A.B. asks: 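This structure is in structure tokens; I'll ask about it shortly.
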Amino acid sequence: MKKRKLDMILERVEGFSAPDPRLEQYSTPAPIASEILYSALMRGDLEGTVCDLGCGTGILAIGAAILGSRSVGVELDPTALKIANENARRLGATVGFVRGDVESIALKGVSTVVMNPPFGAQRGSGGDRAFLRKATEIGEVIYSIHNAGSEGFIRRFVEPCKIEEVQRIAFPLKRSFKFHSKDVEIIEVELYRIFCR
Ligand code: SAH
């Protein structure tokens, strides 16, 4: 499947109906999701089981399934999971969605983790720690989005796993919370590819 086709399919994924700022519910926009997944596909990282930690309404997990992975999504919020299930059904993707906290969930047989974790922007930095900890515990390769400028912290935190690549991306945040003043705010984020093999 061409990247553009994937992008068009993922545009049809519904986002959060009532995003919860405490859980930092920001959906990954379709063009960014397809960019990440396509680059994982090209590197052979979608051949085994893919896990999306904090899957929200499912865009990354669904995209991985559409590209041929066995795909699992973990999410704390039942309302988001309900939308995720509907999204998967509507797009004909088979995804195992699991309700759980990434801190305590037990998962086996995962080869690749793809995630857009909370950045910790609302509660001070470090919201992504539990996610990185679980990702390095279960994954062989990790694709993860973080605030720009996180490289030093992430390098130390994931040891002995290694950062293989860092890519800057402009991430449009839709106005979804009261404290946002603009309709769309572009923030600089970084996509990390981390190797734990
Ligand atoms: N992966 C989705 C959503 C990103 S927003 C996407 O890319 O569109 C981050 C998600 O992590 C939210 O859906 C939030 O509810 C979830 N989340 C936050 N803390 C969590 C935790 N401890 N365990 C599981 N999910 C969590």
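When a ligand or atom number is given, it counts from 1 through the structure's own listing order. What you see is a predicted model, and the numbers here were worked out from it, not measured in a lab.
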A.B. asks: Check each heavy atom of Y26 against ligand 1 and say whether those closer than 4.0 Å belong to the side chain, the backbone, both or neither.
C.D. replies: backbone
A.B. asks: Below 4.0 Å, non-hydrogen atoms only: which portion of E24 touches ligand 1? Side chain, backbone, both or neither.
C.D. replies: backbone
A.B. asks: What about V102: any of its N or O atoms under 3.5 Å from an N or O on ligand 1?
C.D. replies: yes
A.B. asks: Are any of the N/O atoms in Q25 less than 3.5 Å from those in ligand 1?
C.D. replies: yes
A.B. asks: Can you list every salt bridge (Lys or Arg N to Asp or Glu O under 4.0 Å) pair that touches residues 34-62, not counting sequence neighbours?
C.D. replies: K3-E35, R43-E165, D45-R193
A.B. asks: Could you pull out every donor-acceptor pair under 3.5 Å between side chains of residues 92-109 and any protein atom, sequence neighbours left out?
C.D. replies:
| unit_1 | atom_1 | unit_2 | atom_2 | d |
| --- | --- | --- | --- | --- |
| R99 | NE | L76 | O | 3.1 |
| D101 | OD1 | E103 | N | 2.8 |

A.B. asks: Which one holds for C55 and ligand 1: side chain close, backbone close, both close, or neither close, with close meaning a heavy atom under 4.0 Å?
C.D. replies: backbone
A.B. asks: Could E151 and R155 be called an ion pair, given the rule that one side-chain N must be under 4.0 Å from one carboxylate O?
C.D. replies: yes
A.B. asks: Which ligand 1 atoms, with their elements, are less than 4.0 angstrom from a heavy-atom of G100?
C.D. replies: 23 (N), 24 (C)
A.B. asks: Could you tell me whether D101 and ligand 1 have an N or O pair separated by under 3.5 Å?
C.D. replies: yes
A.B. asks: Heavy-atom pairs closer than 4.0 Å: do any link ligand 1 to the side chain of L60, the backbone, both, or neither?
C.D. replies: side chain
A.B. asks: Assess A130 for proximity to ligand 1: is some non-hydrogen atom of it under 4.0 Å away?
C.D. replies: no
A.B. asks: Could you tell me whether I59 approaches ligand 1 through its side chain, its backbone, both or neither, with non-hydrogen atoms closer than 4.0 Å?
C.D. replies: side chain
A.B. asks: Taking 4.0 Å as the limit for heavy-atom contacts, which would you say applies to L53 with ligand 1: side chain only, backbone only, both, or neither?
C.D. replies: neither
